[in-house]
Amino acid sequence: MSGEIAIRHTASAGVLIKIGRNCIGVDAFSRDPNKLYPDTPAGVKAELLEEIEKGSVGALLFTHHHGDHFCLEDTLEALKRNPELVIISTQEVIGQLRQAAPGYGVLHAVSPEETENIRMQLPGGALEMFNSKHMGEAYAGVQNLTCMLEVGGKRLVLLGDAWPERELFVRIGVWCAEPDALIVPFPVIGLPSSRRGLANALKPAHILALHLPRPEMDAQNWLASAKTVCERAKDGLPMPCFGEELGRVYHL
């Protein structure tokens, strides 16, 4: 990836997308209570909070309330640093923030009953998002937002933990069938069945595979298996960049 948009990997599934002087964070602060996935490193968190305090980060978006995508404590600190910070998320996340810090932030909650795309303007870009089913039968009732950003003339898609079914990819394709970047949990491109649905509906220019387990927690070699699937696949999808180094910056 090379060019004008910088995507910094800040957490297990989190990124900070920088376009010129504007930044948008998606799942940028996380702290996994189960310790399966890495948290936002202390140094990266300190830098993010500093950028938020300076006003360089125009908005934070959290795809859902699970700890490996959203950390309440760190987000409250962000609101303390910048009480005018824009935060967009699910009803659960915004409810927690309103209860813990009433009057802080410009908060936007997406209703879990909403079936249409939600469109918003953001500093430096435009956002569309919709409710999508969370991956895994045990979490199928969890509200999860699939996010589609148009920034700097590029289109980026972030799934959160959306269930990688054909209907999801078809719906994204209506917005843009050839996104410039697809930012996804690594099982989305590491499972042949998921790849088939993705490849039939979308032709992304780049794929960034995140949400990798801590190495010591990968006893089943999930990551190695996903890489093997990607290397052997002949479906036209690009070889993804795997987010194995928190803090790394990718350029688009």
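Keep in mind the model is a prediction, meaning the values are calculated, not measured.
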Do the side chains of [Y] and [X] get nearer than 4.5 Å, heavy atoms only?
{"X": "Phe70", "Y": "Gln96", "answer": "yes"}
{"X": "Val44", "Y": "Leu246", "answer": "no"}
{"X": "Asn117", "Y": "Val174", "answer": "no"}
{"X": "Val151", "Y": "Leu156", "answer": "yes"}
{"X": "Phe242", "Y": "Ile189", "answer": "yes"}
{"X": "Phe169", "Y": "Leu182", "answer": "no"}
{"X": "His64", "Y": "Gln143", "answer": "no"}
{"X": "Val15", "Y": "Tyr250", "answer": "no"}

Do the side chains of [X] and [Y] join up, straight or via other hydrophobic residues, at under 4.5 Å, putting them in one cluster?
{"X": "Leu223", "Y": "Val184", "answer": "yes"}
{"X": "Val229", "Y": "Leu210", "answer": "no"}
{"X": "Tyr104", "Y": "Leu48", "answer": "yes"}
{"X": "Leu202", "Y": "Leu237", "answer": "yes"}
{"X": "Val86", "Y": "Ile118", "answer": "yes"}

Donor-acceptor contact below 3.5 Å, side chain [X] vs main chain [Y]:
{"X": "Asp74", "Y": "Ser30", "value": "no"}
{"X": "Lys203", "Y": "Ala199", "value": "yes"}
{"X": "Glu128", "Y": "Trp175", "value": "no"}
{"X": "Asp27", "Y": "Thr63", "value": "yes"}
{"X": "Asn131", "Y": "Glu114", "value": "yes"}
{"X": "Thr10", "Y": "Leu16", "value": "no"}
{"X": "Asp218", "Y": "Trp222", "value": "yes"}
{"X": "Asp32", "Y": "Gly67", "value": "no"}
{"X": "Asn144", "Y": "Asp161", "value": "yes"}

When you check the gap from the basic side-chain N to the acidic O, do [X] and [Y] get nearer than 4.0 Å?
{"X": "Arg171", "Y": "Glu167", "result": "no"}
{"X": "Glu165", "Y": "Lys133", "result": "yes"}
{"X": "Glu244", "Y": "Lys227", "result": "yes"}

In terms of heavy-atom contacts, does CD of Glu84 have more than 12 from other residues, nucleotides or ligands at under 6.0 Å?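 No, not enclosed.
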
Give a yes or no on this: more than 12 heavy atoms of other residues, nucleotides or ligands lie within 6.0 Å of atom CZ of Arg166.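 Counting other residues, nucleotides and ligands, CZ of Arg166 stays at 12 neighbours or fewer.
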
On the 0 to 90° scale, with breaks at 30° and 60°, tag the His211-His69 ring pair as parallel, tilted or perpendicular.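 The rings of His211 and His69 stand perpendicular, inter-plane angle above 60°.
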
May I ask you to decide if the ring planes of Tyr139 and His134 are parallel, tilted or perpendicular, using 30° and 60° as cut-offs?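 If you compare the ring of Tyr139 with that of His134, the planes turn out tilted.
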
Apply the test side-chain hydrogen bond (donor to acceptor under 3.5 Å, both in side chains) to residues Thr90 and Glu92: give CA-CA distance (whole Å), side-chain angles for both, the deciding distance (0.1 Å), then the verdict. CA-CA 5 Å; Thr90 62; Glu92 172 69 25; over 6 Å; no

Measuring from [X]:[atom1] to [Y]:[atom2], what's the distance to the nearest 0.5 Å?
{"X": "Arg248", "Y": "Ile7", "atom1": "CZ", "atom2": "CD1", "answer": "11.5 Å"}
{"X": "Leu61", "Y": "Leu122", "atom1": "CG", "atom2": "CG", "answer": "7.5 Å"}
{"X": "Phe62", "Y": "Leu97", "atom1": "CZ", "atom2": "CG", "answer": "7.5 Å"}
{"X": "Leu36", "Y": "Arg214", "atom1": "CG", "atom2": "CZ", "answer": "8.5 Å"}
{"X": "Asp68", "Y": "Asn34", "atom1": "CG", "atom2": "CG", "answer": "8.0 Å"}
{"X": "Leu158", "Y": "Ile17", "atom1": "CG", "atom2": "CD1", "answer": "5.0 Å"}

For Arg8, give me all partners under salt bridge (Lys or Arg N to Asp or Glu O under 4.0 Å), at least two apart in sequence or on another chain.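 Per chain and number, Arg8 pairs via salt bridge (Lys or Arg N to Asp or Glu O under 4.0 Å) with Glu47.
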
Any idea which heavy atoms bring [X] and [Y] closest together, and the distance?
{"X": "Arg31", "Y": "Asp39", "value": "CA-OD1, 3.2 Å"}
{"X": "Ala181", "Y": "Leu252", "value": "CB-CD2, 4.0 Å"}
{"X": "Ser132", "Y": "Leu145", "value": "OG-C, 4.0 Å"}
{"X": "Gly243", "Y": "His9", "value": "O-CE1, 3.2 Å"}
{"X": "Gly153", "Y": "Asp180", "value": "O-OD2, 4.4 Å"}
{"X": "Glu77", "Y": "Leu49", "value": "CG-CD1, 3.7 Å"}

Arg195/Cys230 under side-chain contact (heavy atoms from CB on, under 4.5 Å): CA gap, chis, key distance, verdict: CA-CA 9 Å; Arg195 289 185 68 96; Cys230 293; 3.4 Å; yes

How far apart are the C-alpha atoms of Ile94 and Ile87, what are their side-chain angles, what is the distance that settles it, and do they pass the side-chain contact (heavy atoms from CB on, under 4.5 Å) test? CA-CA 8 Å; Ile94 298 302; Ile87 300 182; 4.1 Å; yes

Exactly one of Glu51, Glu50, Glu53 should register a side-chain hydrogen bond (donor to acceptor under 3.5 Å, both in side chains) with Arg81. Which one does?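 So, applying the side-chain hydrogen bond (donor to acceptor under 3.5 Å, both in side chains) to Arg81 and each of Glu51, Glu50, Glu53, only Glu53 qualifies.
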
Before you tell me yes or no, could you show the steps for Phe29 and Leu76 under side-chain contact (heavy atoms from CB on, under 4.5 Å), namely the whole-Å CA-CA distance, both residues' side-chain angles and the distance that decides it to 0.1 Å? CA-CA 11 Å; Phe29 294 117; Leu76 290 174; over 6 Å; no

Between Val57 and Asn82, does the side-chain contact (heavy atoms from CB on, under 4.5 Å) criterion hold? Intermediate values first, please. CA-CA 10 Å; Val57 178; Asn82 181 358; over 6 Å; no

